[in-house]
Amino acid sequence: MKKILVWLMVLCSLCTVALGAENALTVSFSGPAVLEAGDSASVLKTKISATNSGKIVYTLTDMASKQVIYTETRENVQPGDTLSWKAPYDDGGLTAAKPVKRVKAAFEMDGKTYTYSFYYRYEKSGKTVKIHVERATWYPNNTACSFGPQFREVRPSLTDKWYMFTPIDLSIQGRQEFEYAAGNLYIIGKVYVDVFGDSVTVSYENFYAQGGGNTETKEEFFTFFPDLASVTDVNPETMGVESFTFGQPLSIEKDLKGDTNVLLFVRNKVTYADYVTNSAKLTRFWINHPDRVEIREEMLALMD
């Protein structure tokens, strides 16, 4: 079993959301934008495909408070028109502790309502407060694991959560790479296992971490199990096992008792957005894709 256990992330660029061929309106996002107090920016566009002229009523609603924060009406809109719409500065309810707000844009036209979501992200530096208007769906406090079988598949009594573990052969020198998935939804990065002699180091990276990526690590936890039979708990808060430190070398002989057939368990907590940047979306994590099923079977064959 020498198959490379790594998938490269394919970033999907998506800048237009079509709402159906039969609809009279197509909405697109033209951000990002950074707003300061009193500013507004054009971040949404609508393409009119109706056959008749008409009126559009545009409304922005804060989805947490259900409060309307902006509204605008355009009269005598013509077929074929492309219109830009503003997102004004709004920091109502935004704080350093709650820096993200989902906003719903609603376009009423010809008796129909078309909706589109985007986000305000609050940033404070000294006395300066800025609002980043960005396209994303945010997932707060999700768990993130390295790719592998799920505990609930092989030991259902342990947990009903989707936590994965990664069987690894530490006799293989050099780097092994694994997908790093959050919330069982998206691949947010990679987990690395580097073996050099008796030393093993586990680390991870979030995609676009150095280029404005939208993943924030809230908690870190990883450990090694010698085998599946030794696992009695997979909740880091109750399992009574001290987490090793990412990026810090361990001795296979001393720290892992010389065992080279081990199970890596990574369970971090992250807050992340499905768009890494405003033009690049994370790749969906389909756990039952045939290629992943095959890799999991190969991993299970490594277990004691």
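Note that the numbering runs from 1 along the sequence shown for the chain.
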Asks: Per the salt bridge (Lys or Arg N to Asp or Glu O under 4.0 Å) rule, what does the pair list look like for residues 34-47, sequence neighbours excluded?
Replies: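 Listed by first then second residue: nothing to list.
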Asks: Would you say that L44 contacts F118 through its side chain, given a criterion of any heavy-atom pair below 4.5 Å between the two side chains?
Replies: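 They are in side-chain contact.
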Asks: Please report the closest heavy-atom contact between W162 and C145, naming both atoms and the distance.
Replies: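 In this case the closest contact between W162 and C145 is CH2-N, 4.1 Å.
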Asks: As a test of understanding, state which of Y192, F222, Y180 forms a ring pair (Phe, Tyr, Trp, His ring centres under 6.0 Å) with F246.
Replies: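 Going through the options one by one, the only one that passes is F222.
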Asks: Counting C-beta onward and ignoring hydrogens, is there a side-chain heavy-atom pair between M299 and T166 closer than 4.5 Å?
Replies: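 Yes, their side chains come closer than 4.5 Å.
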Asks: Between V133 and F29, which heavy-atom pair has the shortest distance, and what is it?
Replies: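 Scanning both residues, the minimum pair turns out to be O-CZ, 4.1 Å.
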Asks: Less than 4.5 Å apart, any side-chain heavy atom of N141 and any of T271?
Replies: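 They are in contact (side-chain heavy atoms under 4.5 Å apart), so the answer is yes.
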Asks: By the salt bridge (Lys or Arg N to Asp or Glu O under 4.0 Å) test, which pairs, at least two apart or in different chains, include something from residues 233-249?
Replies: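 Qualifying pairs: E237-R267.
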Asks: Are V193 and V200 packed together at the side-chain level, in the sense that at least one heavy-atom pair is separated by less than 4.5 angstrom?
Replies: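 V193 reaches V200 side chain to side chain.
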Asks: Cut-off 3.5 Å, no hydrogens considered: what does the side-chain donor-acceptor table look like for residues 92-107, sequence neighbours left out?
Replies:
residue: T95; atom: OG1; partner: A97; partner atom: N; Å: 3.3
residue: T95; atom: OG1; partner: K98; partner atom: N; Å: 3.0
residue: K101; atom: NZ; partner: D90; partner atom: OD2; Å: 2.3
residue: K101; atom: NZ; partner: G92; partner atom: O; Å: 2.9
residue: R102; atom: NE; partner: S117; partner atom: OG; Å: 3.3
residue: R102; atom: NH2; partner: S117; partner atom: OG; Å: 3.0

Asks: At their closest point, which heavy atom of L35 faces which heavy atom of P88, and how far apart are they?
Replies: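 In this case the closest contact between L35 and P88 is CD1-C, 3.7 Å.
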Asks: Give me the atom names and distance for the closest heavy-atom approach of K281 to D274.
Replies: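 That would be CG-O, 3.3 Å.
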Asks: Report the distance from atom CG of N142 to atom CD1 of I188, rounding to the nearest 0.5 Å.
Replies: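 Rounded to the nearest 0.5 Å, the CG-CD1 separation comes to 8.5 Å.
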Asks: Please test L185 against Y139 for side-chain contact (heavy atoms from CB on, under 4.5 Å), starting from the C-alpha separation and ending with a verdict.
Replies: CA-CA 10 Å; L185 283 176; Y139 298 89; 3.6 Å; yes
Asks: Is it true that L158 and F221 fall in one hydrophobic cluster, defined by side-chain heavy atoms closer than 4.5 Å?
Replies: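 Same hydrophobic cluster.
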Asks: Roughly how far, to the nearest 0.5 Å, is OG1 of T159 from CG of N235?
Replies: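 If I round to the nearest 0.5 Å, the distance is 8.0 Å.
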Asks: Does some side-chain heavy atom of V266 sit less than 4.5 Å from a side-chain heavy atom of F178?
Replies: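 Side-chain contact under 4.5 Å: no.
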Asks: Can you name the residues that form a salt bridge (charged side-chain N to carboxylate O under 4.0 Å, His left out) with E205, not counting sequence neighbours?
Replies: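 Not a single residue meets the salt bridge (charged side-chain N to carboxylate O under 4.0 Å, His left out) criterion with E205.
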Asks: To the nearest 0.5 angstrom, please state how far the CD1 atom of I131 sits from the OH atom of Y120.
Replies: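 The CD1 atom of I131 sits 8.0 Å away from the OH atom of Y120.
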Asks: Measure the OG-CD distance between S199 and Q173 for me, rounded to the nearest 0.5 Å.
Replies: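 Separation between the atoms: 9.5 Å.
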Asks: Return yes if some donor-acceptor pair links the side-chain N/O of N261 with the main-chain N/O of L302 below 3.5 Å, else return no.
Replies: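 Checked: pair present.
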Asks: Let me have the donor-acceptor pairs involving side chains of residues 249-256, under 3.5 Å, with sequence neighbours excluded, atom names and distances please.
Replies:
residue: S251; atom: OG; partner: D198; partner atom: OD2; Å: 2.5
residue: S251; atom: OG; partner: E253; partner atom: N; Å: 3.4
residue: S251; atom: OG; partner: K254; partner atom: N; Å: 3.0
residue: D255; atom: OD2; partner: S251; partner atom: N; Å: 2.8

Asks: Sequence neighbours left out, what passes side-chain contact (heavy atoms from CB on, under 4.5 Å) with P79? Give chain and number order.
Replies: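 Counting only residues at least two positions away or on another chain, P79 forms no side-chain contact (heavy atoms from CB on, under 4.5 Å).
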Asks: With T245, which residues qualify under side-chain contact (heavy atoms from CB on, under 4.5 Å), at least two apart?
Replies: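 Partners of T245 under the side-chain contact (heavy atoms from CB on, under 4.5 Å) test: Q248.
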Asks: Can you list everything that forms a salt bridge (charged side-chain N to carboxylate O under 4.0 Å, His left out) with R175? Sequence neighbours excluded, please.
Replies: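 With sequence neighbours excluded, R175 shows a salt bridge (charged side-chain N to carboxylate O under 4.0 Å, His left out) to D194, given in chain and number order.
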Asks: Taking the inter-plane angle between the rings of F265 and Y163 on a 0 to 90° scale, is it parallel (under 30°), tilted (30 to 60°) or perpendicular (over 60°)?
Replies: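 The arrangement is tilted - the two ring planes meet at 30° to 60°.
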Asks: Minimum heavy-atom separation for V43 to A33, with atom names?
Replies: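 Closest heavy-atom pair between V43 and A33: CG1-CB, 3.8 Å.
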Asks: Is V27 linked to I69 within one hydrophobic cluster, defined over Ile, Leu, Val, Met, Phe, Trp and Tyr using a side-chain heavy-atom separation of less than 4.5 Å?
Replies: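 They do share one cluster, since a chain of ILVMFWY contacts under 4.5 Å joins V27 to I69.
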Asks: Could you give the distance from CD (Q150) to CG (D160), rounded to the nearest 0.5 Å?
Replies: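 Those atoms lie 11.0 Å apart.
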Asks: What's the spacing between W286 CH2 and I187 CD1 if we round to 0.5 Å?
Replies: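 That separation rounds to 11.0 Å.
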Asks: Applying side chain to side chain contact (heavy atoms under 4.5 Å, CB included) between V57 and each of E108, R74, E72, M109, report the one that passes.
Replies: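 Testing each of E108, R74, E72, M109 against V57, the sole residue satisfying side chain to side chain contact (heavy atoms under 4.5 Å, CB included) is E108.
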Asks: Examine I295 and V293 and state if one hydrophobic cluster contains both, with Ile, Leu, Val, Met, Phe, Trp and Tyr joined whenever side-chain heavy atoms are less than 4.5 Å apart.
Replies: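 In one cluster with I295: V293, no.
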Asks: Would you mind reporting whether F165 and V231 have side-chain heavy atoms less than 4.5 Å apart?
Replies: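 No; the side chains remain at least 4.5 Å from each other.
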Asks: How far apart are the C-alpha atoms of R296 and N288, what are their side-chain angles, what is the distance that settles it, and do they pass the side-chain contact (heavy atoms from CB on, under 4.5 Å) test?
Replies: CA-CA 10 Å; R296 287 204 306 275; N288 289 320; 3.5 Å; yes
Asks: Do R284 and Y186 come close enough that some side-chain heavy atom pair is under 4.5 Å?
Replies: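 Contact flag for R284/Y186 side chains = yes.
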Asks: Who passes side-chain contact (heavy atoms from CB on, under 4.5 Å) against A181, sequence neighbours left out?
Replies: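 Per chain and number, A181 pairs via side-chain contact (heavy atoms from CB on, under 4.5 Å) with M164, F285.
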Asks: Under a single-linkage definition using a 4.5 Å side-chain heavy-atom cutoff for Ile, Leu, Val, Met, Phe, Trp and Tyr, are F196 and F244 assigned to the same hydrophobic cluster?
Replies: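 Each belongs to a different hydrophobic cluster.
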Asks: Which residues pass the salt bridge (charged side-chain N to carboxylate O under 4.0 Å, His left out) test with E123, not counting sequence neighbours?
Replies: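 Scan of E123 (salt bridge (charged side-chain N to carboxylate O under 4.0 Å, His left out), adjacent residues dropped) gives none.
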Asks: Flag yes if L300 and F225 sit in one hydrophobic cluster, no otherwise; membership is Ile, Leu, Val, Met, Phe, Trp, Tyr, and two members link when side-chain heavy atoms are under 4.5 Å apart.
Replies: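 The answer is yes; both residues are in one hydrophobic cluster.
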Asks: Side chain to side chain donor-acceptor pair (under 3.5 Å): which pairs involve residues 52-64, sequence neighbours left out?
Replies: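 Sorted result for residues 52-64: D62-S65.
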Asks: Go through it in stages, so that I can follow the logic: the residues are Y116 and L25, the test is side-chain contact (heavy atoms from CB on, under 4.5 Å), and I'd like the CA-CA distance, side-chain angles, deciding distance and then a yes or no.
Replies: CA-CA 12 Å; Y116 189 92; L25 199 66; over 6 Å; no
Asks: Looking at P149 and P167, what are the two nearest heavy atoms and their distance?
Replies: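 Distance-wise, the nearest heavy atoms are CD-CD, 3.7 Å.
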Asks: Going through the distances and angles, do L228 and L263 end up as a side-chain contact (heavy atoms from CB on, under 4.5 Å)?
Replies: CA-CA 8 Å; L228 191 59; L263 311 180; 4.3 Å; yes
Asks: Hey, does T143 have a side-chain heavy atom less than 4.5 Å from the side chain of K161?
Replies: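 The answer is no; the side chains never approach within 4.5 Å.
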Asks: Can you run down the salt bridge (Lys or Arg N to Asp or Glu O under 4.0 Å) pairs that involve residues 77-89, sequence neighbours left out, and say none if there aren't any?
Replies: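 Not a single pair qualifies under salt bridge (Lys or Arg N to Asp or Glu O under 4.0 Å).
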